[in-house]
Structures are given as C-alpha cells and as structure tokens.
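Notes to accompany the following structure.
Just so it is clear: chains get the letters A, B, ... in the order the sequence lines come, proteins before strands, and each one is counted from 1. These figures come from a predicted structure and were not determined experimentally.
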Number of protein chains: 2
Amino acid sequence: MNPVVLYHTEHAKKTRREILLVAVDIASAEGLENLSIGRLAKELRMSKTGIFAHFGSKQQLQLATVDAASEIFLQQVVQPVLQIPQGLRRLRAMLESWLGYIEQSVFRGGCFFAAVSAEFDSRPGKVRDNIAALTKAWVVALQDEIALATANGELLRDVNQNELAFELHAYVQEANWAFKMFNDRSAFMLAKSAIANRIDRAVNPGSIKPSRKLRSAK
Amino acid sequence: MNPVVLYHTEHAKKTRREILLVAVDIASAEGLENLSIGRLAKELRMSKTGIFAHFGSKQQLQLATVDAASEIFLQQVVQPVLQIPQGLRRLRAMLESWLGYIEQSVFRGGCFFAAVSAEFDSRPGKVRDNIAALTKAWVVALQDEIALATANGELLRDVNQNELAFELHAYVQEANWAFKMFNDRSAFMLAKSAIANRIDRAVNPGSIKPSRKLRSAK
DNA sequence: CCTACCGATCGGTAGG
DNA sequence: CCTACCGATCGGTAGG
C-alpha cells in the first residue's frame, strides 16, 4: 500500500511511463507548474487519483517529469555520439546532435531544459536544484570534450576552455530561443555557422583536420 | 463607467502604475500565467476587483505588464546609450548596458523578456505576439547598429551582420541563463570577453580604434 | 475603489 | 486503479 506506486507490477510501471511521456510534452510547452494532475488525467482519460497515486505529490510528479526528460535527452542526444571518437570530432557531433534534437522538436515546446530552467530559476527547491544539476552536467560534458580535444592536440593550448564552452552552449540556446519565438529555421544555420567558425579559430593548425573537407588521409 | 479604467483621474493612473510595477516583478520571477489577480491584490493590500477594474481581463493585465516591462527596459537599457555616437561605440554600449541591467537584477526574476519569451513561446495569442515583437525590435536594433558601424568603416565590409548580431545576442542571453541558474557572476565576465573578442575580430584594422586602450589620439 | 458572490479547477485525502 | 469528497484559489460578474 505504498502511496507512491500502488502496485509494483509491470503494468503499473508501464502506466507510469505513459503518464510521464505526456507530462514531459505538456511541461515543455506549458511549464512544470501548469502541468496539473487534472490536465494529465483528461489527456490520458484516467481519474485524477489514478495519476496521483503514481507520484504522491505534485512535487514528486515534477521531479519524475524532469528525470524522464533527462532520459530522453540522454537517449536522443548523448547516446548517438558515444560511438564517435572522443575529442574534437565528438565535440562537433554533440553540438550537431543537440541542434538536431531541437530542430526536430522532440518535445512539443522545444528544448525541455531551456523551458523549465527559465521557469524555475527563481523558484528555490528540489525541482530547481535537479534542473540546475542536469543542465550543468551538459555544460561540463562540453567542457570535458574540449579538454580532451586539447589534450589530443586538436585544439590550441592557449584556448580558454570555459570561454569556448560558454560560447558554443550560447549558440545552441540562442537557436532554440529564436526558433521557438520567431518560428524561423534560419536560426539553425546561424548557430551552425557560429559553431563552425568558433571551433575553427580554436583548432590547432598543426593537427591536420581544420575541417572535414580538407582532411587528406586518415 | 469604462470597465477598463474606472476613473481616468491622476490618482487612478498612479494606482495603475503601482500595480504594474509589482506585476512586472512577479511575472519576471513566477511567470505571466502565475501572475494572478488575487496574488497582486494580496501584495498591494487591495481587493481583487480593485485590481481587476484597472484591466478588465487577465489577458489585458498580461499585455499591460509586458508594456510596462518594455518601458522599464527602454528607460534602463536604451535611454542611457542614446547619447553615445552611433556605430561601433554605441553597439558596445548597448551590450554593456544590457548586461548591466541583468547583473543589477532590475527585475526580481532576471531579464523579464528572457523569462516570458520562454514561457509564452508555445502559447499562441496576443501576449506572445507582443513579446515576440518587442524582443525582435531589440535584435533589429543591434543589427541596425552593426550596419551603421559598417557604413562608418568601423567594421569590415565582409562581416555577416546577421551572424554577428546572433552571436552577440546569444552571449548576453547565455549570461542571464547561467547567472540565474547557477548564481555565478563569472558568466558576466565570460560574456564580456566573448563580446569583446567577437567584435574585435570584425573590426576594420583601417579604422584607428580596435580597442579603447590602443587609441592614440582623438 | 468595495463586498458578496459564481462555476471551474487546483492539490490532496478517505476509503475502497 | 476508482468514486466521492475537502478547502483554497482561479478569472470573472453583479451591484454599488
């Protein structure tokens, strides 16, 4: 009789996953606060308490929704680039994969984390802390890849790694903002161009791959 | 007996302004949707209908709040730079002024327009359209200043003006995001550095002012 | 600018 | 997973 998950059956887990898929979509478009239990119940044709029983409180629902969005981000953006060799190539792939996930509108409201971080940046609590930790982890992942690319000799040693990560991250977030606000896909071209130019300036000319086209041999 | 503003007296206008100052602050931190009439009434120690009578509907309240925020932005960010000569110097001043308004936390929840554009990008309607028009106007103002700086010969003619505006705008929005999310003021240093480097790369070396320190004479 | 009210919806509980 | 509730709050109206 656990109030959080009534029966730990496979069926209950499946229902929970279905609820969270809808929750992530609603939250990305209308916000985590406006994600009401009644709204979810209507969309899923369940009773309010049927939804409620899976989470136990509104805050637990919000936390579960953030976790579910994080899993989708990992699966859609991070997983596909893990096969690419670490360093400069993976850095480029991470940014391309991230832009692709925004452009393909994986979530109804654009990048889930851009939406909810703006919503919760002034709302102290566990939800905000989780969002901060997850978005920070992605920034750190970009920084780590820049550090590896430098260690590989692919990037110039005097490049400020924090600045580079800040600027690359900014281009993708700006593309998401401009695309959602003005419904103009040219923002993706601008972001790709900014990323390519910014990285090319940091590339070590001694390493033989300033861009793919110029690579002569393996 | 106009339901929107009951009495067009000076006193009523003053009350309306007082309501909107609180409304802008609440909306920047908690969102324009969560800006409820009851919440405003409590904070201002007025009755709900006392607030309501000034606007006539929730949507009109939201629209008035966006307008009020726009006036504050104009006054805090735009007005101070109008005395600076147009072109490269004003472009730099616009970005510095904008960063300053974010760092000084003019609104409780950081940049009002960053917050509400993320909130309304998936909510079609007049409120969203107004937010889009106002944020677009600021992007265009940056683009216009870049065009003037180019016409002045201060920026290189082969600089892509849309790309430059996109990247500069991105740095400031990223600083707002990082500051609000991680409460880390180093984001402002990163943004200032990114802006200075990006502009310096676009500066025409023929014009004698790549940076203030290197200027030899007037 | 107020009191007094409306139906709808909110998060959450009792009990099954 | 359900029905049947709870008090609080929502946007909005009547009438002054």
Side-chain angles (χ1 to χ4, degrees), chain A residues 1-23 26-27 29-66 119-120 123 125-128, chain B residues 1-23 26-27 29-66 119-120 123 125-128:
Chain A
M1 277 303 197
N2 183 325
V4 172
V5 178
L6 276 178
Y7 312 104
H8 293 272
T9 61
E10 280 310 311
H11 184 255
K13 286 182 188 170
K14 192 186 155 205
T15 304
R16 192 186 143 100
R17 274 197 298 272
E18 286 168 356
I19 296 169
L20 287 173
L21 279 181
V22 177
I26 294 177
E30 300 168 34
L32 267 172
E33 278 297 317
N34 283 65
L35 170 69
S36 76
I37 295 163
R39 174 97 162 69
L40 271 173
K42 199 177 287 172
E43 199 132 339
L44 286 152
R45 290 176 194 180
M46 284 171 61
S47 67
K48 269 173 57 179
T49 43
I51 305 284
F52 190 87
H54 283 279
F55 306 99
S57 74
K58 170 86 180 257
Q59 199 193 53
Q60 288 298 318
L61 166 64
Q62 290 175 327
L63 290 168
T65 303
V66 172
E119 184 183 3
F120 273 76
R123 298 173 181 270
K126 279 187 191 176
V127 179
R128 187 213 129 98
Chain B
M1 277 304 193
N2 183 325
V4 172
V5 178
L6 276 178
Y7 312 103
H8 292 272
T9 62
E10 280 309 311
H11 183 257
K13 285 182 188 171
K14 192 186 155 205
T15 305
R16 194 184 140 100
R17 274 197 298 272
E18 286 168 355
I19 295 170
L20 287 173
L21 278 180
V22 177
I26 294 176
E30 299 168 33
L32 267 172
E33 278 297 319
N34 282 65
L35 170 70
S36 77
I37 295 164
R39 175 97 163 68
L40 271 173
K42 199 178 286 171
E43 198 132 341
L44 286 151
R45 291 177 193 181
M46 285 170 63
S47 68
K48 267 174 57 179
T49 42
I51 305 283
F52 190 86
H54 283 278
F55 305 99
S57 75
K58 170 87 179 257
Q59 199 192 52
Q60 288 299 318
L61 167 64
Q62 290 175 327
L63 291 168
T65 303
V66 172
E119 184 183 4
F120 272 77
R123 297 172 183 271
K126 280 186 190 176
V127 179
R128 188 213 128 99

Would you mind reading off the distance between [X] atom [atom1] and [N] atom [atom2], rounded to a whole angstrom?
{"X": "A:His11", "N": "D:dC2", "atom1": "NE2", "atom2": "P", "answer": "11 Å"}
{"X": "A:Asn34", "N": "C:dC10", "atom1": "CG", "atom2": "P", "answer": "10 Å"}
{"X": "A:Leu61", "N": "C:dG12", "atom1": "CG", "atom2": "P", "answer": "9 Å"}
{"X": "A:Ile37", "N": "C:dC10", "atom1": "CD1", "atom2": "P", "answer": "9 Å"}
{"X": "A:Gln62", "N": "C:dC10", "atom1": "CD", "atom2": "C1'", "answer": "13 Å"}
{"X": "A:Gln60", "N": "C:dT13", "atom1": "CD", "atom2": "P", "answer": "13 Å"}
{"X": "A:Leu63", "N": "C:dG11", "atom1": "CG", "atom2": "P", "answer": "15 Å"}
{"X": "B:Phe52", "N": "C:dT3", "atom1": "CZ", "atom2": "P", "answer": "17 Å"}

#### Entry: Euclidean distance, A:Ile26 CD1 relative to A:Leu20 CG, rounded to 0.5 Å
11.0 Å
### Query
CZ of B:Phe120 to NZ of B:Lys126: how many Å apart, nearest 0.5 Å?
14.0 Å
### Query
Hey, does B:Ser36 reach any base, or is it just sugar-phosphate, or nothing, if we go heavy atoms under 4.0 Å?
sugar-phosphate
#### Entry: Nearest heavy-atom neighbours spanning A:Glu119 and A:Leu32
OE1-N, 2.7 Å
### Any B:Phe55 side-chain heavy atom under 4.5 Å of B:Ile37 side chain
no
### Task
Decide yes or no for B:Leu61 and B:His54: does some side-chain heavy atom of the first lie under 4.5 Å from some side-chain heavy atom of the second?
no
### Summary
Among D:dT3, C:dT9, D:dG12, the one nearest any side-chain atom of B:Ser57 is D:dG12
### Query
Nearest to the side chain of B:Lys58 - C:dG11, D:dG12, D:dT13?
D:dG12
#### Entry: Base D:dG11 paired with B:Lys48 side chain (donor-acceptor, <3.5 Å)
yes
### Query
Is there a donor and acceptor pair closer than 3.5 Å between the side chain of B:Ser47 and the base of C:dT3?
no
### Query
side chain to side chain donor-acceptor pair (under 3.5 Å) with A:Gln62: which residues, sequence neighbours excluded?
A:Glu33
#### Entry: Counterpart residues, salt bridge (Lys or Arg N to Asp or Glu O under 4.0 Å), relative to A:Arg39 (two or more places apart)
A:Glu30, A:Glu43
### Stem regions touching DNA chain D, defined by at least 3 consecutive Watson-Crick or wobble G-U pairs below 3.5 angstrom
C:1-16 with D:1-16
